[in-house]
Amino acid sequence: MPQTSTSITRPIETYLAGVSDLIAALPADSIAAAVQLLMAVWRRRGRVYVLGNGGSAAIASHFAGDLNKGANIAGRHRFRANALVDNTPALMAWSNDDGYAAALAEQVRNVIEPADLVIGVSGSGNSVNVVNALALARQAGASTLAMVGFDGGQLARPDLSHVAIHVPSHNMEQVEDAFAVICHTLLHTLRRQIRQEPPSDNPLLASQQDAYPGER
(Lines give C-alpha, C1' and ligand atoms only; values in the text may rest on other atoms or scores of the structure.)
Protein backbone atom coordinates (compact mmCIF):
# COMPACT_ATOMS: atom_id res chain seq x y z
CA MET A 1 0.00 0.00 0.00
CA PRO A 2 1.41 3.42 -0.96
CA GLN A 3 2.36 5.64 1.97
CA THR A 4 0.26 8.73 2.57
CA SER A 5 1.77 12.16 2.22
CA THR A 6 1.32 12.72 5.96
CA SER A 7 3.18 9.54 6.90
CA ILE A 8 6.16 10.78 4.88
CA THR A 9 6.14 14.43 5.89
CA ARG A 10 5.55 13.95 9.62
CA PRO A 11 8.99 12.41 10.37
CA ILE A 12 10.59 15.03 8.13
CA GLU A 13 8.94 17.85 10.04
CA THR A 14 9.77 16.20 13.37
CA TYR A 15 13.44 15.84 12.45
CA LEU A 16 13.76 19.39 11.15
CA ALA A 17 12.04 20.78 14.24
CA GLY A 18 14.44 18.83 16.44
CA VAL A 19 17.47 20.20 14.59
CA SER A 20 16.08 23.73 14.74
CA ASP A 21 15.54 23.53 18.49
CA LEU A 22 18.98 22.04 19.06
CA ILE A 23 20.77 24.71 17.04
CA ALA A 24 18.81 27.50 18.71
CA ALA A 25 20.01 26.22 22.10
CA LEU A 26 23.72 25.90 21.20
CA PRO A 27 25.98 27.42 23.89
CA ALA A 28 27.16 30.76 22.49
CA ASP A 29 29.54 31.23 25.45
CA SER A 30 31.38 27.98 24.71
CA ILE A 31 31.54 28.81 21.00
CA ALA A 32 32.96 32.24 21.89
CA ALA A 33 35.59 30.55 24.09
CA ALA A 34 36.48 28.30 21.14
CA VAL A 35 36.92 31.38 18.95
CA GLN A 36 39.37 32.74 21.53
CA LEU A 37 41.34 29.47 21.49
CA LEU A 38 41.49 29.49 17.69
CA MET A 39 42.49 33.16 17.54
CA ALA A 40 45.24 32.52 20.08
CA VAL A 41 46.75 29.72 18.00
CA TRP A 42 46.36 31.86 14.85
CA ARG A 43 48.22 34.77 16.48
CA ARG A 44 51.12 32.57 17.59
CA ARG A 45 51.10 30.78 14.23
CA GLY A 46 50.73 27.38 15.78
CA ARG A 47 49.04 24.50 14.02
CA VAL A 48 45.53 23.14 14.38
CA TYR A 49 44.96 19.39 14.28
CA VAL A 50 41.40 18.11 13.97
CA LEU A 51 40.29 14.51 14.50
CA GLY A 52 37.31 12.23 15.00
CA ASN A 53 35.68 8.99 13.83
CA GLY A 54 33.00 8.26 11.24
CA GLY A 55 30.79 11.28 10.67
CA SER A 56 32.96 13.19 13.14
CA ALA A 57 35.97 12.41 10.94
CA ALA A 58 34.12 13.99 8.02
CA ILE A 59 33.43 17.04 10.20
CA ALA A 60 37.13 17.16 11.14
CA SER A 61 38.24 17.04 7.51
CA HIS A 62 35.69 19.66 6.50
CA PHE A 63 36.64 22.03 9.31
CA ALA A 64 40.37 21.78 8.59
CA GLY A 65 39.67 22.66 4.97
CA ASP A 66 37.47 25.57 6.04
CA LEU A 67 40.16 26.93 8.35
CA ASN A 68 42.82 26.72 5.63
CA LYS A 69 40.76 28.51 2.98
CA GLY A 70 37.44 29.78 4.32
CA ALA A 71 39.06 31.86 7.10
CA ASN A 72 41.43 33.73 4.76
CA ILE A 73 41.47 37.52 5.00
CA ALA A 74 43.45 39.75 2.64
CA GLY A 75 46.84 40.74 4.00
CA ARG A 76 46.68 38.44 7.02
CA HIS A 77 48.52 35.19 7.58
CA ARG A 78 46.56 31.97 7.36
CA PHE A 79 45.57 29.14 9.65
CA ARG A 80 47.75 26.03 9.53
CA ALA A 81 45.23 23.24 9.89
CA ASN A 82 45.45 19.49 9.34
CA ALA A 83 42.84 16.76 9.71
CA LEU A 84 44.77 13.77 11.02
CA VAL A 85 41.95 11.52 9.80
CA ASP A 86 42.98 12.29 6.21
CA ASN A 87 46.27 10.39 6.55
CA THR A 88 44.90 6.95 5.70
CA PRO A 89 48.28 5.14 5.55
CA ALA A 90 49.24 6.41 9.02
CA LEU A 91 45.82 5.53 10.45
CA MET A 92 46.03 2.00 9.06
CA ALA A 93 49.65 1.46 10.10
CA TRP A 94 49.14 2.56 13.71
CA SER A 95 45.82 0.70 13.93
CA ASN A 96 47.37 -2.49 12.58
CA ASP A 97 50.52 -2.38 14.70
CA ASP A 98 49.42 -0.74 17.96
CA GLY A 99 45.61 -0.84 17.85
CA TYR A 100 42.95 1.66 16.82
CA ALA A 101 43.00 3.35 20.23
CA ALA A 102 46.54 4.56 19.48
CA ALA A 103 46.04 5.58 15.85
CA LEU A 104 45.40 9.28 16.48
CA ALA A 105 47.56 9.83 19.56
CA GLU A 106 50.60 8.41 17.78
CA GLN A 107 50.08 10.88 14.92
CA VAL A 108 49.79 13.68 17.47
CA ARG A 109 53.06 12.50 19.02
CA ASN A 110 54.80 13.08 15.66
CA VAL A 111 53.80 16.71 15.30
CA ILE A 112 52.59 18.34 18.51
CA GLU A 113 54.14 21.56 19.86
CA PRO A 114 53.02 23.68 22.83
CA ALA A 115 51.83 26.41 20.43
CA ASP A 116 49.37 24.04 18.76
CA LEU A 117 45.67 23.30 19.20
CA VAL A 118 44.10 19.84 18.93
CA ILE A 119 40.37 19.62 18.26
CA GLY A 120 38.55 16.38 19.05
CA VAL A 121 35.09 15.74 17.58
CA SER A 122 33.00 12.93 19.09
CA GLY A 123 29.27 12.35 19.30
CA SER A 124 29.58 10.34 22.50
CA GLY A 125 32.57 12.21 23.87
CA ASN A 126 34.06 8.83 24.77
CA SER A 127 35.88 7.76 21.59
CA VAL A 128 39.02 6.20 23.06
CA ASN A 129 41.33 7.19 20.23
CA VAL A 130 40.16 10.82 20.43
CA VAL A 131 40.44 10.85 24.23
CA ASN A 132 43.99 9.48 23.99
CA ALA A 133 44.95 12.09 21.41
CA LEU A 134 43.71 15.02 23.49
CA ALA A 135 45.30 13.60 26.63
CA LEU A 136 48.67 13.46 24.88
CA ALA A 137 48.23 16.98 23.53
CA ARG A 138 47.52 18.29 27.03
CA GLN A 139 50.60 16.51 28.40
CA ALA A 140 52.67 18.16 25.65
CA GLY A 141 51.43 21.60 26.68
CA ALA A 142 49.15 22.21 23.69
CA SER A 143 45.63 23.65 23.80
CA THR A 144 42.62 21.38 23.32
CA LEU A 145 39.05 21.88 22.16
CA ALA A 146 36.25 19.29 22.08
CA MET A 147 32.95 19.18 20.23
CA VAL A 148 30.76 16.57 21.89
CA GLY A 149 27.17 15.34 21.99
CA PHE A 150 25.18 12.96 24.21
CA ASP A 151 26.13 13.57 27.86
CA GLY A 152 29.50 15.12 26.99
CA GLY A 153 31.55 12.07 27.92
CA GLN A 154 35.21 12.09 28.92
CA LEU A 155 36.17 14.74 26.39
CA ALA A 156 34.07 17.34 28.20
CA ARG A 157 36.26 17.01 31.30
CA PRO A 158 38.37 20.12 31.97
CA ASP A 159 41.51 18.03 32.38
CA LEU A 160 41.15 16.93 28.73
CA SER A 161 39.62 19.98 27.03
CA HIS A 162 40.34 23.61 27.72
CA VAL A 163 36.99 24.29 26.05
CA ALA A 164 34.17 21.82 25.31
CA ILE A 165 31.19 22.69 23.12
CA HIS A 166 28.40 20.34 24.21
CA VAL A 167 25.42 19.48 22.00
CA PRO A 168 22.93 17.94 24.47
CA SER A 169 21.28 15.32 22.26
CA HIS A 170 21.44 11.54 21.89
CA ASN A 171 20.38 11.68 18.24
CA MET A 172 23.68 11.19 16.41
CA GLU A 173 22.46 12.64 13.13
CA GLN A 174 21.24 15.80 14.81
CA VAL A 175 24.43 16.06 16.85
CA GLU A 176 26.44 15.95 13.61
CA ASP A 177 24.15 18.56 12.06
CA ALA A 178 24.90 20.78 15.05
CA PHE A 179 28.65 20.12 14.73
CA ALA A 180 28.53 21.42 11.15
CA VAL A 181 26.69 24.56 12.26
CA ILE A 182 29.20 25.09 15.08
CA CYS A 183 32.12 24.85 12.66
CA HIS A 184 30.55 27.33 10.27
CA THR A 185 29.68 29.67 13.14
CA LEU A 186 33.32 29.54 14.24
CA LEU A 187 34.47 30.27 10.69
CA HIS A 188 32.02 33.15 10.29
CA THR A 189 33.21 34.70 13.56
CA LEU A 190 36.92 34.08 12.96
CA ARG A 191 36.90 36.04 9.71
CA ARG A 192 35.46 39.04 11.51
CA GLN A 193 38.09 38.76 14.23
CA ILE A 194 40.99 38.35 11.80
CA ARG A 195 39.94 41.49 9.88
CA GLN A 196 40.67 43.45 13.05
CA GLU A 197 44.23 42.07 13.31
CA PRO A 198 47.36 43.83 11.96
CA PRO A 199 48.57 42.83 8.47
CA SER A 200 51.03 39.97 8.18
CA ASP A 201 54.76 40.71 8.30
CA ASN A 202 55.24 38.31 5.38
CA PRO A 203 53.14 39.44 2.38
CA LEU A 204 54.27 36.43 0.33
CA LEU A 205 52.51 34.03 2.70
CA ALA A 206 49.54 36.26 3.46
CA SER A 207 46.18 35.89 1.74
CA GLN A 208 45.79 37.95 -1.41
CA GLN A 209 42.03 38.36 -0.98
CA ASP A 210 39.21 37.61 1.43
CA ALA A 211 37.63 34.18 1.23
CA TYR A 212 34.29 35.96 0.87
CA PRO A 213 34.91 39.41 -0.67
CA GLY A 214 32.35 42.00 0.28
CA GLU A 215 31.30 40.13 3.42
CA ARG A 216 30.18 42.29 6.31
Side-chain angles (χ1 to χ4, degrees), residues 30 34 37-38 41 46-71 78-184 186-187:
S30 296
L37 272 184
L38 283 156
V41 74
R47 297 184 184 275
V48 180
Y49 299 102
V50 200
L51 41 90
N53 298 287
S56 295
I59 293 290
S61 185
H62 186 146
F63 190 45
D66 275 351
L67 287 175
N68 284 332
K69 188 174 188 298
R78 298 179 174 184
F79 274 100
R80 300 173 175 182
N82 294 276
L84 297 184
V85 297
D86 290 342
N87 192 337
T88 304
L91 279 173
M92 295 179 71
W94 286 115
S95 297
N96 182 66
D97 296 343
D98 285 38
Y100 192 60
L104 295 172
E106 291 304 326
Q107 289 191 71
V108 169
R109 199 185 304 275
N110 277 68
V111 297
I112 199 67
E113 299 284 349
D116 297 337
L117 169 66
V118 176
I119 303 175
V121 186
S122 172
S124 69
N126 290 317
S127 301
V128 176
N129 56 349
V130 179
V131 169
N132 290 343
L134 264 67
L136 178 59
R138 283 295 293 265
Q139 291 169 13
S143 299
T144 53
L145 166 65
M147 299 183 201
V148 294
F150 295 20
D151 295 320
Q154 296 181 63
L155 288 173
R157 293 182 352 220
D159 62 313
L160 281 178
S161 300
H162 288 100
V163 174
I165 304 174
H166 180 209
V167 179
S169 171
H170 283 76
N171 183 311
M172 182 62 83
E173 289 89 354
Q174 293 183 353
V175 168
E176 291 177 355
D177 293 337
F179 285 165
V181 170
I182 289 166
C183 289
H184 287 159
L186 290 170
L187 196 68

Q: For residues Leu38 and Phe79, determine if any side-chain heavy atom of one lies less than 4.5 Å from a side-chain heavy atom of the other.
A: yes

(Q) Do Asn132 and Leu136 make a side-chain contact, defined as non-hydrogen atoms from C-beta onward lying under 4.5 Å apart? (A) no

Show me the side-chain donor-acceptor pairs of residues 114-127 shorter than 3.5 Å, one per line, residues at least two apart or across chains.
| from | atom 1 | to | atom 2 | distance (Å) |
| --- | --- | --- | --- | --- |
| Asp116 | OD1 | Arg47 | N | 2.8 |
| Asp116 | OD2 | Glu113 | N | 2.8 |
| Ser122 | OG | Gly125 | N | 2.9 |
| Ser122 | OG | Ser127 | OG | 3.0 |
| Ser124 | OG | Asn126 | N | 3.0 |
| Asn126 | OD1 | Gln154 | N | 2.8 |

Q | Contact list for residues 118-139, test salt bridge (Lys or Arg N to Asp or Glu O under 4.0 Å), sequence neighbours left out | A | none

Q | With sequence neighbours excluded, residues passing side chain to side chain contact (heavy atoms under 4.5 Å, CB included) with Ala60 | A | Val50, Val85

Q) Taking atom CG of Asp97 and atom CE of Met92, what is their separation to the nearest 0.5 Å? A) 11.0 Å

(Q) Under the rule for side chain to side chain contact (heavy atoms under 4.5 Å, CB included), what residues qualify as partners of Val111, not counting sequence neighbours? (A) Tyr49

Q.
Return the NE2 to CD1 distance between His184 and Ile182, rounded to the nearest 0.5 Å.
A. 11.5 Å

Q.
Using only atom types and a distance under 3.5 Å, with no angle test, would you say the side chain of His166 pairs donor to acceptor with the backbone of Val148?
A. no

Q) Do you know which two heavy atoms are closest between Leu155 and Ala146, and how far apart they sit? A) O-CB, 3.8 Å

Q: Quick one: closest heavy-atom pair of Gln174 and Ser169, and the distance?
A: OE1-OG, 4.3 Å

Q: Write out all pairs satisfying side-chain hydrogen bond (donor to acceptor under 3.5 Å, both in side chains) with one or both partners inside residues 81-94, taking only residues at least two apart or from two chains.
A: Ser61-Asp86

(Q) Rounded to the nearest 0.5 Å, what separates atom CD1 in Ile165 from atom CG in Leu186? (A) 5.0 Å

(Q) Is the shortest side-chain heavy-atom distance between Val167 and Glu176 below 4.5 Å? (A) no

Q: Provide the closest heavy-atom pair for Gly149 versus Phe179 in the form atom of the first, atom of the second, distance.
A: N-CZ, 3.9 Å

Q: Mark yes or no for whether Ser161, through its side chain, and Thr144, through its backbone, hold a donor-acceptor pair below 3.5 Å.
A: no

Q: Search all heavy atoms of Ser30 against all heavy atoms of Val163 and return the closest pair with its distance.
A: O-CG1, 3.6 Å

(Q) Tell me which pairs pass ring pair (Phe, Tyr, Trp, His ring centres under 6.0 Å) where either residue lies in residues 96-152, with sequence neighbours left out. (A) Phe150-His170

Q.
How close do Leu145 and Leu134 get, counting heavy atoms only, and between which atoms?
A. O-CD2, 4.0 Å

Q) Say you draw a straight line from CG of Leu104 to CG of Asn129; how long is it, rounded to the nearest 0.5 Å? A) 4.5 Å

